[in-house]
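These figures come from a predicted structure and were not determined experimentally. We count ligands from 1, going down the list as the structure has it; atoms in each ligand are counted the same way.
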Amino acid sequence: MHIYKVGGAVRDRLLGRPVTDIDWLVVGATVEDMLAKGFRPVGADFPVFLHPKTGQEYALARTERKSGRGYGGFTFHASPDVTLEQDLIRRDLTINAMAEDADGTLYDPYQGKADLDRRLLRHVSPAFAEDPLRVLRVARFAARYAPLGFKVADDTLGLMQHISASGELLALTAERTWKEIERALMEAHPKVFFEVLRACNALHVLLPELEPHPQTLVALEQAARHQLALPVRWACLLHPLPTASIKALNQRLKTPRECQDLSMLTSQCLEQANKALELPAQTLLDLLQTFDVYRRPQRFEDFLAACRAIAQGNGQTDYRQADYLQGAMAAARAVDVKPLVQAGFTGQALGEALKNERLQTLDAYKGS
Ligand code: ATP
Ligand code: MG
């Protein structure tokens, strides 16, 4: 049995980037061999094992053949006679199809190193077109490595266009699609991800709601520049869309709750935030109430971060509204309920009295 380091770990070491997770490939072994060595099997679909001590993933060399639509439509063939070259050829990009053995010898049958040097994201073989997820993966790698000067090779972009036209992208599950989008959003230049999707006509298929709003990418880039959290980036991207589109998009992609909430609230309340300094105390109070700042202050902070990134995207460098609203939140949150309880207020009357106190506090805040 031969064990190789493969994929991202080899690529990122050659690029001089930090290697976080290591994928291992085992050639010349059977499932029984692995179990005898104490590896723990994972995954029902193909033979992947966890190392008994390190917990890292070890996959048996395999070949695969397309047998139907979508990701489920693959037949895998893992056996001790599958060679390193046969395993590597089914991978997406040449830069991801390199292997390294324990001595540090590089195995590079598909010229991945040359493509790394040329800064090219190039598919390994025509079988690339068999898994539509690769469109999203390539766009994500393009976003990640844009600062290093990487581009998608012309013929690879051609295959991606072919996949977009085939309708296969629609066979991807929401979970797999969102996972790629989420990872892309968290890259340093998420804008490139969407630009590549646009260039291969996948944006139109997967995220048609975004097509008419290319300017939102500027807000997203600002959010990434400030290393803001995922929900903030998502909210920046969706902010100018009609509410119905935001809702539909979130439902279709089954996005996490925080992403749904913040994208909806941001699109609904952005205009008010922009006018914050002119808002009457009652409207300020309603805005704080909408965000439930008494229980969830972080969500309002995230909203303000999104508003600031959107303003910066529009060329506005000084967004005083954010500090002002933060002050308003602090003032409203500082109102103490205890004296009201001591004064004998209960139930609905207590709620009213508290609201009144907060209103007066915000009035004073406005005047200060
Ligand atoms: P990352 O740094 O994002 O983890 P990675 O290249 O290690 O990048 P993984 O998703 O961990 O990506 O996959 C490991 C390797 O498996 C890839 O480098 C690639 O060779 C192969 N691979 C993963 N997904 C696919 C796919 N959908 N099609 C073809 N090859 C794939
Ligand atoms: Mg990896």
**Study point:** Test ring pair (Phe, Tyr, Trp, His ring centres under 6.0 Å) applied to F303 - qualifying residues, sequence neighbours left out
**Key:** F291, F300
Practice item. Looking only at distances, please establish whether an N/O atom of ligand 1 is found under 3.5 Å from an N/O atom of R183. Key: yes
Review point. When rounded to the nearest 0.5 angstrom, what is the spacing between OG1 in T216 and CD in E221?
Key: 10.5 Å
Side chains of residues 136-159: which donor-acceptor pairs under 3.5 Å do they make with residues two or more places apart or in other chains?
from: R137; atom 1: NE; to: D92; atom 2: OD2; distance (Å): 2.6
from: R137; atom 1: NH2; to: D92; atom 2: OD2; distance (Å): 3.2
from: R140; atom 1: NE; to: E180; atom 2: OE1; distance (Å): 2.5
from: R140; atom 1: NH2; to: E180; atom 2: OE1; distance (Å): 3.3
from: R144; atom 1: NE; to: E187; atom 2: OE2; distance (Å): 3.0
from: Y145; atom 1: OH; to: R11; atom 2: NE; distance (Å): 2.9
from: Y145; atom 1: OH; to: R11; atom 2: NH2; distance (Å): 3.2
from: Y145; atom 1: OH; to: D12; atom 2: OD1; distance (Å): 2.6
from: T156; atom 1: OG1; to: H123; atom 2: N; distance (Å): 3.0
from: T156; atom 1: OG1; to: H123; atom 2: ND1; distance (Å): 2.8

Review point. Should you measure from each heavy atom of R90, which atoms of ligand 1 turn up under 4.0 Å away?
Key: 29 (C)
**Study point:** Sub-4.0 Å atoms of ligand 1 with respect to non-hydrogen atoms of D23
**Key:** 7 (O), 11 (O), 14 (C)
Practice item. Just let me know how D131 lines up against ligand 1, side chain, backbone, both or neither, with a heavy-atom cut-off below 4.0 Å. Key: side chain
Exercise for review: Please confirm whether R176 comes within less than 3.5 Å of ligand 1 when only nitrogen or oxygen atoms on both sides are compared.
Suggested key: no
**Study point:** Sub-4.0 Å heavy-atom approach of F141 to ligand 1
**Key:** yes
Point to revise | Close-contact set for ligand 1 against R144 heavy atoms, below 4.0 Å | key: 1 (P), 2 (O), 3 (O)
Study note, to complete from the structure: dist Y58:OH -> H51:NE2 (nearest 0.5 Å) comes out at 4.5 Å
Exercise for review: First locate atom CG of L284, then atom CG of L325, and finally report the distance between them rounded to the nearest 0.5 Å.
Suggested key: 6.5 Å
Check your understanding: By number and element, which atoms of ligand 1 are closer than 4.0 Å to a non-hydrogen atom of G7?
Key -> 18 (O)
Point to revise | Numbering as shown, the atoms of ligand 1 that approach R11 to under 4.0 Å (heavy-atom distance) | key: 1 (P), 2 (O), 5 (P), 6 (O), 8 (O)
Point to revise | ligand 1 versus E180: contacting region, heavy-atom distance under 4.0 Å | key: neither
Review point. Between D33 and K37, is there a side-chain N and carboxylate O pair less than 4.0 Å apart?
Key: no
Practice item. Look at atom 23 (C) of ligand 1 and find which of M98, R91, R137 reaches it with the closest heavy atom. Key: R137
Check your understanding: Under 6.0 Å from the NZ atom of K247, do we count more than 12 heavy atoms belonging to anything else shown?
Key -> no
Review point. Which part of N96 is near ligand 1, with near meaning a heavy atom under 4.0 Å away: side chain, backbone, both or neither?
Key: both
Revision key, fill the gap. Quick note on ligand 1: atoms under 4.0 Å from a heavy atom of G8 include exactly 5 (P), 6 (O), 7 (O), 18 (O)
Point to revise | Side-chain donor-acceptor pair present, Q222, R225, cut-off under 3.5 Å | key: yes
Review point. Shared ILVMFWY cluster between M186 and W178, side chains joined below 4.5 angstrom?
Key: yes
